[in-house]
Structures are given as structure tokens and as C-alpha cells.
Q: 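Okay, here's the structure, questions in a sec.
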Amino acid sequence: MVRTDFIVLKNWIPLFCFGVSAFLNGACHSYSKEQEDWGEIRHSIFRIKVVSQNPNFKSPWKKFPTRQSSGTGFYIGDGQIMTNAHVVSQAKFISVQRQGDSKPIPARVMHIAHDCDLALITVDEKDYFSNIEPLKIGKTPRLRSPVSAIGYPTGGEQVSITEGIVSRIGFRQYSHSGFQRHLLLQVDSAINPGNSGGPVIQNGYVIGVAFQGHTEAENTGYIIPPPILNRFLEDIADGRYDGHPIDGLSIQEDAMSNSQSAEYWGLKSEGIGILVSDIDPFVPLKGKLIANDILLKIDDYDIGMDARVDYEGERVHFKAIYDLKQIGESVRFRVLRNGKNHDFTFAIDKSNPHYDPGRMYPLMPRYLIYSGLVFSVLSKNYLENWGHKWMQSAPVHLRYFHENVEFEPEFNDRPEIILLVNRLPNLANAYSLHQDHQILKSLNGLEVKSLEDLAAALDHSKEKYLTFEFFNAVEPIVMPRKLSKEYHQATLDHYKIEQDHWFHQPLDVDGATGGKI
Amino acid sequence: MIKNTLHSVLACFLTIIATQLAAKNDLRNSVVVVSVFQQKVNPYEPWTHFDVTPSNHLATCVGKNLYLVASQAVVQAKSIEMQRIGSSIKYPMSVVFSDFNANLALLKASNGEEIESCKPLPLGVNLSPGSRVELYYPLNGTRLQSYSVEIDQVEVGASSISSYPMPYYLVESKKGQSLGWSEPVLKDSTLVGISVQSQQQALRVVPASILRHFLKDYMDKKPYKGFPYLGLVTHSLISPYFREKLRSRLPPDRGVRIVEVSEHSPFLGKIKPDDILLAVENKSIDQHGYFIHPLWGQVYLSALVSTFYGGTEITLEVERLGKKMKFSAVLLSFDPNRTLIPYTLDQEGKVDHIIFGGFIFQELSLPFLKVFGADWQNKAPDDLVYFVQNHNQPDKDPRRRVIILNHVLADSFNRGLKDYSNLILLNVNHQPVSSLAQVRRVLRENPILKDGKKYASFHFQYGVGEIVLGYEGLDSCHERLAKNYGIQSDETFWKEHPP
């Protein structure tokens, strides 16, 4: 039996399911089932079964027990099956099967994009795709137009086709990462498990990938629209996924609708203009845009005082335009600065290393164990150890840094926030009782900005004592250096820990290793 | 012989009953019922108040027409009435003095009238855990009832009304009875405590030594000296490795580590972080910061500090890198609001605030955060809670505060800006501000001038940036706000030319 897993984030549920109920509005657009060649399309749809295993962010050398789940994928050509990242994240074994196939075939992940919840998987069996027609990606559907979702919801073994209406285009958070926002389409539909990753079809084209639902609204589902799909495919064309660019802009939405504010800043255009209040220190726009710049235009789109632009007939957040860019592309801004209009063109670079507030999917979290002290890094995954309501139950200082680290000058050059996440008791660390979840500042007075820094400081220390100092006046841990060294390996052996560190970055070693050699 | 024994037992029993009855009758002259009508200010809309909350307490006569209650019972009281038990005559009372640190207040008749039969109860002495006492409470307002209870333990902690750590007895509360309303606690007809707080199954009782400290200080003809503080932040020093590192030569159970010396500590410049505090006025301190009280056993050193008075010189002994040293200093009175973020409101509960164009500015305070509920640490905005927990050290300037934008009263004047709330204010008109007086002054004296018009710029923390309002139309805006939101207070709205 497939057991689906639900990650709850505020009003959003990233489900392994999406389905559509009754056809709600046939009056606005004429549409009939006969227009779709379901027979052909059906042969391009896969049921994806996954055995996954999540890492343990509190005891990072361990993993949780395996789980089984399923989703849907569809063939797009060149041996690639598109699905959601959350269908295959942390997958240790993947199999695909079409309706009518006699057996499932093992598959593996080719590319996975956790920021926009997309993935491409493939099968290594020779000639597997030779008789499969790829589905083509179409254009963004119009509002109120009917669409059909096809997939393998739980409760049956056959492909299921359900219908609905596109009700809204938006720029909202994707639940899989729990942080990044991208374009999405809202459809009026009920939700059925198992449909995640499946195509949503209109006139024979893929106009979206079903991916998440809404916990507090019935008959509401969300699909990833063609611009995001195309951006993903273009990104991986060079063999490497670079990810969506981060604008890092804090803005004052609607502030320019205040006539006296607008007058003060010299804004004369009616209805146009959004004030930039701050720019994150690690993003490429830092130093190019400055606080109190008023953005009038992005590329060819006028930016309204509500921060929206007219995009394909609808009003969407201007950040959606920047979000669709590739790393290396350029963006144009018309900016009102000090009372004068300027036209700028900026190259979009990758952001500098920084704390990522989104959920991560590494093979293992970054960690370092020294004489029973387990150091790892703050992440949303770590905060979720306090449950779905971690925003109220996790320690205040961790919640604060998770949300506000970019405003703490002391952390501007710290790409990660190092925590003491666990203690494996031994004689050397026996008196470390009050430092769980505390943020490490320095070792013997030397600032520690990364786990590599910490490892180097421990290796090079010659002092009699190791003093681990923490932020916020937390009591330091003092351990005799020689005794700590003596107990280090013995502690690892005692707790059956094979590796005392893992320094790979989450994006460098993804957890979806199933099928890879 | 059996008959004689039975007679003796019966006589003894009857004597006890009679004595208790007599005692209760006597107490009717010393213990009265006070009805308090509190109306607390609403920190979220500081020009308004919550509903009037009536409560009944006991008050104990401790001097000529002087009655003792808990401070928290009468804070922000709009009306206090006193009634002798069994009498229907009511006397209006008022608070003549209150010390939030002790959580004790004194009441007198408002019209100066001498209340007949006010018989002060003699003060008793401190008692040890295990001692049996009598706690008196009113039954139906017509008579006093008591129950015998043992003192479970002594704990040191802050109250709801002050962050000052005081010693309290903990006694078991009586089931089905609402207690913690200033009930007197007696032993051998002497006052040995006042109950001030109910927590789960237990009652907190202020012990006799605190009552004596408070009353003696008040009744002295000199200025009130109050309860003092050391201004030291300590951590337990349990790690032998840490002791070695600090080159301590002392046994592992001697001395607590000093982590921080506060800006307003009388020992600033004398004692240093990482000094090990060994003794306070020759009373030895252990590795957790406890000392041995002759009656209470192991108690946190705050209980010792609370025995001194502001203005007293005391001596501390510390060990610094293996050497013992002594330092003396004159203690200062503790002020719970001597921090960046005030712990409490004053007796009147006034919350200073400014409304400028619908923007409500006030000081960040603990009462404001408590608007988010009992679980405010998890419900209030994380940045404000974090600030309170980690940056609330007292500044050299005692008037320094954190100013926040509470929320915005929507009006056409602040169109586009009404959704901002709970923001820390950094600058006004490009000048840093750390008090409402500064905000008022800067708005008046330093408006930003541009193209012949005046503007007010407010710069907030955490990426919100600079928000600008004009001065033009401000008075009309305030008139509309007063009318639409029922704001009657004349002091609320910022005025360019204050009366």
C-alpha cells in the first residue's frame, strides 16, 4: 500500500496528489473531450513509485526509516520523464510503469530542482522510450479555460482523467522548498492523492504540472505553468541546474499610493512605482539598486504601485519576471533615484553564499562531530524537528535568525549558522548541559564562520582547553583538549558513527540517489 | 482514670476551638475585605482601557489606619472599598504607597477618616519549611475561615509586577477555594506572611522579613530606600574544566561565575566577567549561586540581597584567576523599568504614546507583548521577543527606550501604509530616536523640508526601510481619527504646537 506523506506549511499541503472534480464552466470556452487524444496521451504518462529515506537533521549521521510513495510523470522526449521534485526527493529506489506495461522499470533522477519542485528522471533500459510519444509544452492557459489533469491517483491502478477550470494566476510560495515564490496557476478542483507530477492538458499540450493543494479551501489545486517548466528545461540544457535567481529586494507595496509619500520621492507617474526599502547583502543586485530606489519598470513591464505587472493578460507580482530569468541573463530596470529616471541593465549572477531559508534535500546535512559534540547548521529542516507548528514552538532565537539573519551585520559573512544540535556524552563533554540549539560563535576566541573553519580550528588548536563560545551570552563549553581528543574516536565507536563529518553542500550531493551508480 | 483522661482531652479540644474562635473574632478588627475595581489600560490601544474588573481581597491592618495588600491587587485601581467582616459599612480607600518589587501596597481611608477598631497585627518572624501556619480567607464575606497548612519550601522568583527576584513561601492551596488575594498567614497570632499569587496547586506567600523590610522602610521618616540589586549576571560553575581554566584554587562547590556586570551595577569597574563570586557580606555562595539561610536552607543569593536596603554598603568577595579579592559598593534601589524594555506599567498604568497621521508610536514594553496572550513568547513577533530576551540590558541613560510602531489607524491620510505594525523605529527625520520625547521633539523641530513642504520620515528595522508622511492635512486627519475611532484623549495626537 502506498503511504503518502504530507508536509504542512501554513495553508499549503504539498501532496502526492492532485485531481479535478466536475467541469464547472463550459459556457465561457467551448471545449470537448473529443479534442484530446487520450489514447495517445495516456501512453506517455507514467506511474512513479518511490522508496525514499529522509536524513535526520538532529542526528545527522543517521537516517529515518524508508517510506513508500507514488506520483505521476510524463514523457517529454530525449529519454526524459518530467515530474515533481517532491515525488522523487530523497528517493533511494524509483520505478516507472505505464498503463498496460507488464512490469515497472527502475529509473533514476537526471535533474532535480527543489526550488521550483520539478525533476527529470530517466530509464536506462535500452530502447525503452522508442515507442513513446513525447508530450509538448504549450502556452499559459487563459483564465476560465478548461483543463484536464491526467495521472495515477491512489485508489486505482488505471490512469485517471479529471477536469477543471483555471481560476487564477499567481506568484506564491511553492511548498516543497517552503520559501521560494514562483508563478503558479490555481484551478478549481478536488484533490486526489497520487496525481503529483502529472501533466495538465489543454488542446493536446501540457499547460502545467500538478503539484500542490490548499488545505483550507476545497476544490483548489495548483499547477506549475509553462513559463516555469520552460525555464527549468532551458536551465538544465547545459547539463547543470543553476536555479532561480534571488532578487533579495524588500519593497513597500502600495506605499506610493500615498500621495504625499509619492510627492516626497518625486514620483510623478500615476499608478506606477514601487519603493525598494532594502536589499539583501548577498544578492547580485546589492550595490546596483539601493534603498529608496523606486522601480518603475522591469524589462518592458510597467510596475504598478501594487508591485504588479501586466503579464499575459493578468496582474502578477513583478518579481515573477525576475524569477523567470536565467543566471547569466540580464534584466532591465527603469529606476527613479533622487528625483531622476535611470535605465539600468544588470547581469544576473548567482548570489553569494548565504543562509538559505528554504527546505533542503541533501543526502546528509552538513555536520561535524568532535568528542561527542555534534555541530550542524540551522535550516528549515532542523526547525521542523519541533513539528508543524515550529513557528511557535521552536526556540525563539532560532526562529529569529531563520527569518532575520540578513539583518544581523555579524552574520553577513557567515554563509551558515552553526548550531550545537546534539551531545553524545563522554567524560570530556560531561559538563556541557545548557548549550543545545545554541549558535556557535568562536573557538578559543577565533571566530568560526563555517564547519570547515571549526574543523581547522580544532585541528590547529594547541591550547590546554577548548572553549566553545556561543552567541547571546550562553555559557561556553570548556573541555580539556587532550582529553577531548582521546575520547573522540571512542565516542564515535560507542555510538556506531562511521563518519565524524560531512561537508558537502546540499546542492552538490542531492538525496535522490536511487538508480545512480 | 480513663474518665479523667477523656475529660482532659475534651477540655483541651474545646480550648483549641474557643481559642480559634476568639482569634477569628479578634482578627475581624485586623483583617478586612477590600473590593477593588481595576481598569487596566489596553497597551494595544493605549488611549483605551479594558473593562473594569472587580475583585475581592483581604487587607491586614499593620498600623494606624494602614492596611497591607498585594501591589498587583490594587495596581491601576479606579476604586477601592473596605469593609470590616460582618459589617455593611464601606470605606473608600486609596493607595498611599506601593513597592512593586515587594509586591506590597498600603491603603488608607481616602477621606482621612480614622477607621474604628483597626487593630494592627503584630509582625512575626521567618519560619522554616515544615512549619505549620494558619491561612485566613473570607467565607461569603461575612466571616473569616482558616486552614492549617505547612510551608512546603522557599523559592526565589519574580512576580507578575516586577522582575526583582524575591523569596516566597510556597504553601498548598485549599481545593475549591480561590486564594492568592492578600490573605494573611499567621502563626501564634502574629503575621508571618501575605499570600500574593496562586500557581497551580500552590500559593506564594511573602514572608515576614520582606513585610518587615517594607514596613520599616515606609514608616521611617526618611526617603524610601527600597530593595537593592547587585547588577551581576551569574552562571552556575559546575565544570571542573572551566574552574581549572579560571585557575580557581577552591573546591568545586564554592563560588558562582559572574558572566556580566550590568551598566548600572554598583560594582561596575570593580568586579569583572569571569570573576567567581565567593561571598556576599561574608555569606558563602555555592557553585549555583545559593547560600545557606539559617531557616530556609539552600536559597538563591537574591534572597540575601533582598535583606539589604538601597543605600547600604556591602562587600563581595571574589576569586580572580586564583586570587581572592574583596570589593565594596553602595547598593542602589532596584527599578524594574531600569531596562530598555520596561517590565511593568506604573500604578496609574499610563502608556505614553503618539499618534501621527494614524501611526501609533509607543515604547516597547512587556505589558505590550503580553497583549499577544499568556504564550506571548511564541505568539508575539519573533523579532520583538528576541529583542526582549537578548538586548534588554540597561543603558547608561535610564530614559533610553525602544520605540515601536504599534499599528496604523487606517485613514485616507495614510493610504497605502495601513498594514504596517509591530516595527522597531530607528530614526525619525534621519535622527536616531530612543524615547517618545525625542520623537515628539524631532517631529516638531526637525521636519524634512522639500520643495517648500514639510515631511516626516520614519525609518524602521528589518528591511522595512523609510516611510514618509507629509505634515499637510495632519490636523484634519487627527480630527477624523478621533471621530472615527472614538479617541477622546487630547494628549494622544501629535501636535505641532502643544498646549
Q: Is the number of heavy atoms from other residues, nucleotides or ligands within 6.0 Å of NZ (B/K370) greater than 12?
A: yes
Q: In terms of heavy-atom contacts, does CZ of A/R315 have more than 12 from other residues, nucleotides or ligands at under 6.0 Å?
A: yes
Q: Got a second to check how far B/L246's CG is from A/Y465's OH, nearest 0.5 Å?
A: 9.0 Å
Q: Between A/L433 and B/I238, does a side-chain contact (heavy atoms from CB on, under 4.5 Å) hold up when you go through it step by step?
A: CA-CA 10 Å; A/L433 299 175; B/I238 56 167; 3.5 Å; yes
Q: Go through the atoms of B/I448 and report whether side chain, backbone, both or neither lie under 4.5 Å from a heavy atom of chain A.
A: side chain
Q: Is a side-chain donor or acceptor of B/N378 paired with a backbone partner of A/Q392 at a separation under 3.5 angstrom?
A: yes
Q: Taking everything shown except B/R480 itself, do over 12 heavy atoms lie less than 6.0 Å from its CZ?
A: yes
Q: Among A/E406, A/E263, A/K389, A/M256, which residue has the highest count of heavy-atom pairs closer than 4.5 Å to chain B?
A: A/E263
Q: Should A/S261 and B/L417 be marked as a side-chain contact (heavy atoms from CB on, under 4.5 Å) after you check the CA-CA gap, both sets of side-chain angles, and the distance that decides it?
A: CA-CA 10 Å; A/S261 287; B/L417 303 169; 4.1 Å; yes
Q: More than 12 heavy atoms of other residues, nucleotides or ligands under 6.0 Å from OH of B/Y290: is that the case?
A: no
Q: Less than 3.5 Å apart, any donor N or O on the side chain of A/Q252 or B/Y420 sitting next to an acceptor on the other?
A: no
Q: Against chain A, work out which of B/R257, B/H391, B/Q461 has the most heavy-atom pairs shorter than 4.5 Å and name it.
A: B/R257
Q: Please look at A/A255 and chain B and tell me whether the side chain, the backbone, both or neither of the residue comes under 4.5 angstrom of a heavy atom of that chain.
A: both
Q: What residue in B/K418, B/K450, B/R415 has the most heavy-atom pairs under 4.5 Å with chain A?
A: B/R415
Q: Side chain, backbone, both or neither: which part of B/Y455 has a non-hydrogen atom closer than 4.5 Å to chain A?
A: side chain
Q: Is the closest side-chain heavy-atom distance between A/W265 and B/E466 below 4.5 Å?
A: yes
Q: Inspect the surroundings of NZ in A/K286 and state if more than 12 heavy atoms from other residues, nucleotides or ligands are less than 6.0 Å away.
A: yes
Q: Does atom CD of B/E445 have more than 12 heavy-atom neighbours from other groups under 6.0 Å away?
A: yes
Q: Checking heavy atoms, do the side chain of A/E253, its backbone, both or neither come under 4.5 Å from chain B?
A: backbone
Q: Only pairs of heavy atoms separated by less than 4.5 Å count here; which of A/I251, A/N258, A/N404 has the most with chain B?
A: A/N258
Q: Of the backbone (N, CA, C, O) and the side chain (C-beta and beyond), which part of A/I279 lies under 4.5 Å from a heavy atom of chain B, both, or neither?
A: neither
Q: Please classify the contact between A/L483 and chain B as side chain, backbone, both or neither, with a heavy-atom cut-off of under 4.5 Å.
A: side chain
Q: Could you tell me the separation between the OH atom of B/Y241 and the OG atom of A/S432, rounded to the nearest 0.5 Å?
A: 9.0 Å
Q: Nearest 0.5 Å please: distance from the CG atom of A/D254 over to the CG atom of B/D419.
A: 7.5 Å
Q: Given side-chain contact (heavy atoms from CB on, under 4.5 Å), test B/Y386 with A/H397 step by step and report yes or no.
A: CA-CA 6 Å; B/Y386 179 78; A/H397 70 285; 3.8 Å; yes
Q: Can you tell which of A/A394, A/S393, A/G266, A/A428 has the highest number of heavy-atom pairs within less than 4.5 Å of chain B?
A: A/A428
Q: What distance separates A/Y400 OH from B/Q389 CD, expressed to the nearest 0.5 Å?
A: 12.0 Å
Q: Heavy atoms only, distances under 4.5 angstrom: which of A/I477, A/N472, A/D278 has the most pairs with chain B? Name it, please.
A: A/N472
Q: Examine whether an atom of B/D383 lies under 4.5 Å from a heavy atom of chain A, and if so say whether it belongs to the side chain, the backbone or both; otherwise answer neither.
A: both
Q: In this structure, are over 12 heavy atoms from other groups packed under 6.0 Å from B/D451 atom CG?
A: no
Q: Pick one of side chain, backbone, both or neither for A/A430, based on which atoms fall under 4.5 Å of a heavy atom in chain B.
A: neither
Q: NZ of B/K270: more than 12 outside heavy atoms within 6.0 angstrom?
A: yes
Q: With only heavy atoms counted, which part of A/S259 is less than 4.5 Å from chain B, the side chain, the backbone, both or neither?
A: neither
Q: At a 4.5 Å cut-off on heavy atoms, which part of A/F471 comes close to chain B: side chain, backbone, both, or neither?
A: neither
Q: Side chains of A/Y264 and B/K453, heavy atoms from C-beta outward: is any pair under 4.5 Å?
A: no
Q: With a 4.5 angstrom heavy-atom cut-off, which part of B/S457 approaches chain A: side chain, backbone, both or neither?
A: neither
Q: Rounded to the nearest 0.5 Å, what separates atom CG in A/N292 from atom NE2 in B/H459?
A: 7.5 Å
Q: Nearest 0.5 angstrom please: B/D382 CG to A/H402 NE2, how far?
A: 10.0 Å
Q: Verify whether one side chain among A/E403 and B/Y462 offers a donor that lies under 3.5 Å from an acceptor in the other.
A: no
Q: Might you point out which heavy atoms bring B/K245 and A/T467 nearest each other, and give the distance in Å?
A: NZ-OG1, 3.0 Å
Q: Would you check if the side chain of A/S277 reaches a backbone N or O of B/G463 as a donor-acceptor pair within less than 3.5 Å?
A: yes
